[in-house]
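The structure appears right after this line, and notes come after that.
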Amino acid sequence: MPDENRPTNFIRQLIDADLASGRVQEVVTRFPPEPNGYLHIGHAKSICLNFGLARDYGGRCHLRMDDTNPAKEEVEFVESIKEDVRWLGFDWGRHEYHAADYFERLYAWAEELVLAGKAYVDDQSADAIRDSRGTLTEPGRPSPWRERSPAENLDLFRRMRAGEFPDGSRTLRAKIDMASPNLNLRDPVMYRIKHQSHHRTGDAWCIYPMYDWAHGQSDAIEGITHSICTLEFEAHRPLYDWFLTQLGLAHRPRQIEFARLNLTYTVMSKRLLAALVKEGLVAGWDDPRMPTIAGLRRRGYPPEALRAFAERIGVAKADSTVEVELLESTVRDALNASAPRAMCVHRPLKVVIESWPEGEVERIEAPWKQDAPEKGTRQLPFTREVFIERDDFMEVPVKGFKRLSPGKEVRLRYGYVVRCTGVVKDAAGEVVELRCTHDPDTRTGAPKDGRKIGGTIHWVSASNSVPATLRLYDRLFQVPNPGAGDSDFRTQLNPASLAVVEGARIEPALAGAAPGERFQFERKGYYVADAKDTKPGAPVFNLIVSLRDTWAKIAAQEKQ
RNA sequence: UGGGGCGUCGCCAAAUGGUCAAGGCACCGGACUCUGACUCCGGCAUCUGUAGGUUCGACUCCUACCGCCCCAGCCA
């Protein structure tokens, strides 16, 4: 039964009604991707919806490869799809199916329709079929082959299957209504001839079923109760139902349509995503800037964040575009709860603490996560020379600046309060080093005299830190709706979507980060050790999402 | 244009004839803070595409209009 705490939606209400009326006794859904590309976050919405419904209603969700077009599908995609669904946290158990496994059954049903005079073999070319389909306002014209006898149709259809005819020479069409205002009902094609081997059935077939003919029947075979798909299939529903009715199948799945996900600053179509990859605009399907599940995984997004996101955006029928900020907020939420904290200086500025004895190292024990003592601690070596963030020093501080500037104090997180006593510049006038003194009484608490320390900044030991490569990712596009109208999304790419920082310094405890391990680099953002490129001794971290930065916002407003 | 859908706060999205126009994100204040993070407090639609109508009462029913999306693949 539905969970009272979960937001309702129209699909749950339909299911509730079906259950209440006794139309169905259980809930069986399916996620039916075509294995012709990588899954993206829009698919994640559908996966969470279908598997989530099955989970909440104590039913089941099937994973079905909708592989009816051998020209586009590959096993590589089948594998990536399974990996992605699993990674998202869903389990289809033994219910993995392929539309291709139903080819024989579908064929037999097609013969039934032929015999019943409800389908016919059409010898027209694709062009001729298009020309006779009519337009939005004019009815179509019947094919000259529409009135063939069932016997002749059966013979022809069998010979189609036997491979007697070349590609495109004939089709099997449902005999419905060439004057229907719904174009999908104007004798839709059920089978086309394609002498092409299929990733699953090999060369067993040279005719392949169309989506409309395969989908509803596949649903029926599997006992699907609610066949959930996106809005563009709404006009196909009468056809979906027509086939089921003609076949007189006992089990009647019900098709329900919902609005697909759109995200700002993102493209979601497989075509555009493929173009980004093919044209080398990104580094591959799993480039961390891609909205593919593989890309988001490599980026470091935790699967629970994607699930929470799906929950937060809801399900409805109105076309909508969700702001990426909502996704980012969900990711921060998940990571804030789980990620250990650590320190990483992105653009190091050397600080010499003149009051600290040369060569002395104090090992400071700091928690991995302050509110989660069970996560343990790590040691921070405090030394005479440390690095701080260049941005955390201003020679002439603007108003409101709480970090370091000449004569002022800041706390080095988990360490001491230091005061800036000098600034060293190079010939060009660039600040290259700071001189400071520390207050030895401030290691564990506030200064004895009660003076307030406004800011705390992160730091690493100069001698006991490790260099790391940082990959700072930002949105791939600089416009909210790339490709809108007749614009070319290629011209809207964000040139700063990837910035590589080579000279960053991380605390020593981070040196051995395992690929895929996530951290919050305090005051900066959440990072993940890159799954492919991070190596012992040469760590590479990807920015998952930055921390909210109120100061940056204030500073930006001051500027205007 | 024929058919099918959809229009509630900047973005999502509840509400299914009875003072309830939820909630989240964003945004704006403020508190707290050894992360300018997190957390916390407060603000944010007299109004539900528009115009009429029905009703004691309408976001929810009716009518008309306006706007947006989908359909003319032997793609899914």
Side-chain angles (χ1 to χ4, degrees), chain A residues 7-10 13 32-34 36 66-69 71-72 122 124-126 129-131 133-140 167-173 180-186 188-194 207-208 210-212 214-215 229-238 257 259 261 264 270 311-330 332-333 336-337 341 343 366 370-371 400-403 410-415 417 442 444-446 453-458 480 520-525 546-555:
Chain A
T8 182
N9 61 52
F10 77 100
Q13 292 171 348
E34 180 186 16
N36 70 340
D66 214 346
D67 49 1
T68 55
N69 187 353
K72 297 186 172 182
D122 193 343
Q124 291 187 107
S125 68
I129 288 180
R130 185 183 327 109
D131 289 344
R133 188 159 14 235
T135 67
L136 295 180
T137 52
E138 308 153 25
D167 286 7
S169 60
R170 285 181 164 85
T171 57
L172 182 75
R173 291 228 262 168
S180 172
N182 181 345
L183 306 215
N184 296 121
L185 262 22
R186 318 244 265 225
V189 171
M190 293 168 65
Y191 280 94
R192 70 286 215 187
I193 300 172
K194 274 180 194 284
I207 57 171
Y208 291 95
M210 297 288 289
Y211 166 86
D212 286 308
H215 207 89
C229 62
T230 44
L231 254 25
E232 66 269 27
F233 291 103
E234 206 147 24
H236 292 244
R237 184 162 15 108
E257 312 83 12
L261 171 66
T264 56
K270 275 187 185 173
E311 208 76 51
R312 288 220 244 178
I313 58 179
V315 179
K317 294 193 70 162
D319 291 309
S320 61
T321 301
V322 174
E323 295 176 332
V324 278
E325 286 86 346
L326 179 58
L327 210 211
E328 292 170 346
S329 161
T330 310
R332 285 192 189 101
D333 244 36
N336 177 50
R341 319 275 116 135
M343 293 197 279
Q370 256 176 331
D371 56 359
F401 191 71
K402 301 201 301 192
R403 284 105 101 148
V410 275
R411 173 178 290 281
L412 298 181
R413 167 135 252 225
Y414 295 125
V417 171
T442 54
T444 54
I453 305 300
T456 297
I457 63 176
H458 56 99
Q520 182 198 93
F521 289 169
E522 294 205 39
R523 303 208 311 133
K524 299 303 282 187
S546 64
L547 249 31
R548 215 171 250 113
D549 190 347
T550 307
W551 171 246
K553 193 181 295 179
I554 294 168

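In the text below, chain A, chain B and the rest are named by the order of the sequence lines, each starting its count at 1.
- As judged by a 4.0 angstrom heavy-atom cut-off over every strand, A:G455 is placed among residues making no nucleic acid contact.
- Between A:T442 and A:R548, the residue whose closest nucleotide on RNA chain B is further toward the 5' end is A:T442.
- Between A:R332 and A:R548 the shortest side-chain heavy-atom distance falls below 4.5 Å.
- Within the 4.5 Å cutoff, no side-chain heavy atoms of A:P188 are placed close to those of A:R173.
- Listed pair A:T550 / B:A37 meets the phosphate criterion, a side-chain N or O lying under 4.0 Å from OP1 or OP2.
- Counting any heavy atom pair closer than 4.0 Å across all strands shown, A:T321 reaches sugar-phosphate atoms only and no base atom.
- Using C1' as the reference atom, B:C32 and B:G42 are 15 Å apart when rounded to the nearest Å.
- Classified by its glycosidic torsion, B:G30 falls in the anti category, the angle being over 90° from 0.
- Side-chain contact between A:L185 and A:P238: present, with at least one pair of heavy atoms (C-beta onward) separated by less than 4.5 Å.
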**OP:** Report the C-alpha separation of A:R403 and A:W551 in whole Å, then their side-chain angles, then the decisive distance to 0.1 Å, and conclude whether the side chain to side chain contact (heavy atoms under 4.5 Å, CB included) test is met.
**Re:** CA-CA 11 Å; A:R403 284 105 101 148; A:W551 171 246; 3.2 Å; yes

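- Taking atom C1' in both B:G49 and B:C44, one finds a spacing of 22 Å when rounded to whole Å.
- Counting heavy atoms from C-beta outward, A:L326 and A:R312 have side chains that approach closer than 4.5 Å.
- Within 4.0 Å (heavy atoms only), A:I313 reaches sugar-phosphate atoms of the nucleic acid but no base atom.
- Base contact: A:T137 has a heavy atom under 4.0 Å from a base atom.
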Contacts under 3.5 Å, N or O only, protein and nucleotides 14-16 of chain B:
from	atom 1	to	atom 2	distance (Å)
B:A14	OP1	A:V315	O	3.3
B:A15	OP1	A:Q13	NE2	2.8
B:U16	O4	A:Q13	OE1	2.2
B:U16	O4	A:Q13	NE2	2.1

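- OP1 or OP2 of B:C27 sits under 4.0 Å from a side-chain N or O of A:K553.
- A:K402 comes within 4.0 angstrom of a nucleotide base, judged by non-hydrogen atoms across all strands.
- Side-chain atoms of A:I207 and A:K194, non-hydrogen and from C-beta on, never get closer than 4.5 Å to each other.
- One donor-acceptor pair, N or O on each side, does fall under 3.5 Å between the base of B:U35 and the side chain of A:Q520.
- Separating the P atom of B:C6 from that of B:U60 is a span of 15 Å, rounded to the nearest Å.
- For a distance-only test at 3.5 Å, the side chain of A:E138 fails to qualify as a donor-acceptor partner of the base of B:G2.
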Original post:
Dot-bracket for RNA chain B, 5' to 3', counting Watson-Crick or G-U wobble pairs under 3.5 Å, with [ ] for crossing pairs and | for inter-strand pairs?
Top reply: .((((((..(((.....[....))).(((((.......))))).....(((((..]....))))))))))).....

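- Side-chain contact between A:D66 and A:P33 is absent, with no heavy-atom pair separated by less than 4.5 Å.
- Listed candidates were B:C34, B:C6, B:C71. Nearest to the side chain of A:L136 is B:C71.
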**OP:** Quick one: do A:R413 and A:E522 satisfy salt bridge (Lys or Arg N to Asp or Glu O under 4.0 Å)? Show the steps, please.
**Re:** CA-CA 9 Å; A:R413 167 135 252 225; A:E522 294 205 39; 2.3 Å; yes

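- Of the two residues near RNA chain B, A:R332 and A:A259, the one whose nearest nucleotide lies more 5' is A:A259.
- Taking the side chain as every heavy atom from C-beta outward, A:L183 and A:L136 approach each other to under 4.5 Å.
- Looking at A:E34 and A:D67, their side chains never come closer than 4.5 Å, going by heavy atoms from C-beta outward.
- The interatomic distance linking A:D319 (CG) with B:C11 (P) rounds to 14 Å, in whole Å.
- Using a 4.0 Å heavy-atom distance criterion, A:F401 is classed as a base contact.
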Using a cutoff of under 3.5 Å, can you pull out all pairs of nitrogen or oxygen atoms linking the protein to nucleotides 73-76 of chain B, with atom names and distances?
from	atom 1	to	atom 2	distance (Å)
B:G73	OP2	A:R130	NE	3.3
B:C74	OP1	A:R133	NH2	3.2
B:C74	OP2	A:R133	NH1	3.3
B:C74	N3	A:G168	O	3.2
B:C74	N4	A:Q124	O	2.8
B:C74	N4	A:A126	N	2.8
B:C74	N4	A:G168	O	2.9
B:C75	OP2	A:R192	NE	3.1
B:C75	OP2	A:R192	NH2	3.0
B:C75	O3'	A:R192	NH2	3.2
B:C75	O2'	A:N69	ND2	3.3
B:C75	O2'	A:K72	NZ	3.3
B:A76	OP1	A:T68	OG1	2.7
B:A76	OP1	A:R192	NH1	3.3
B:A76	OP1	A:R192	NH2	2.9
B:A76	OP2	A:Y211	N	3.0
B:A76	O3'	A:D66	OD2	3.1
B:A76	N6	A:H236	NE2	3.3

